[in-house]
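Note that the numbering runs from 1 along the sequence shown for the chain.
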Amino acid sequence: MSFLSDNVIPGNHGKVFGTDAKSSVDLNKMRKAILEIEGIKCFLFDIEKHPLEFTVHTTKVVEIEAIQNVVKKLGFHAIPKGLFQL
């Protein structure tokens with residue numbers, strides 16, 4: 001793997017993840033848990049997509065695995081989408 005595919009890089013692009021969480025209660029738990037990770041600045045859901053997607057923006061480099069582990073503890077998956085488009 002590479003630095004770009006293993007980390008969320010600070011900036012305007014963020015990183016998009018797909019998830020299997022569906023209820024608003026689960027989504028709020030996920031949002032709260034991810035925002036507690038050091039360096040996470042913003043967390044946005046895209047409920048128009050199926051499966052549901054969320055975007056994470058950071059203030060510093062954050063490992064994708066750290067985000068996946070937090071979501072996994074809640075019983076869901078966070079699958080990173082492709083690299084950002086220029």
Donor-acceptor under 3.5 Å ([X] side chain, [Y] main chain):
{"X": "N7", "Y": "V61", "answer": "no"}
{"X": "D26", "Y": "K22", "answer": "no"}
{"X": "K15", "Y": "S5", "answer": "no"}

Rounded to the nearest 0.5 Å, what separation is found between the CZ atom of R31 and the OG atom of S24? 12.0 Å
Working to the nearest 0.5 angstrom, can you tell me the gap between I64 CD1 and I79 CD1? 11.0 Å
State, with a plain yes or no, whether a side-chain heavy atom of [X] is found less than 4.5 Å away from one of [Y].
{"X": "L27", "Y": "F54", "value": "no"}
{"X": "T58", "Y": "I9", "value": "no"}
{"X": "N69", "Y": "E65", "value": "yes"}

Donor-acceptor list for residues 34-44 side chains, cut-off 3.5 Å, not counting sequence neighbours:
from: E38; atom 1: OE2; to: K60; atom 2: NZ; distance (Å): 3.1

Stepwise side chain to side chain contact (heavy atoms under 4.5 Å, CB included) test for T55 and V16: CA-CA 4 Å; T55 305; V16 177; 3.7 Å; yes
Considering all heavy atoms, the nearest [X]-[Y] contact:
{"X": "H77", "Y": "D20", "answer": "N-OD1, 2.9 Å"}
{"X": "H57", "Y": "N12", "answer": "CE1-O, 3.3 Å"}
{"X": "A21", "Y": "L52", "answer": "O-CD2, 3.8 Å"}

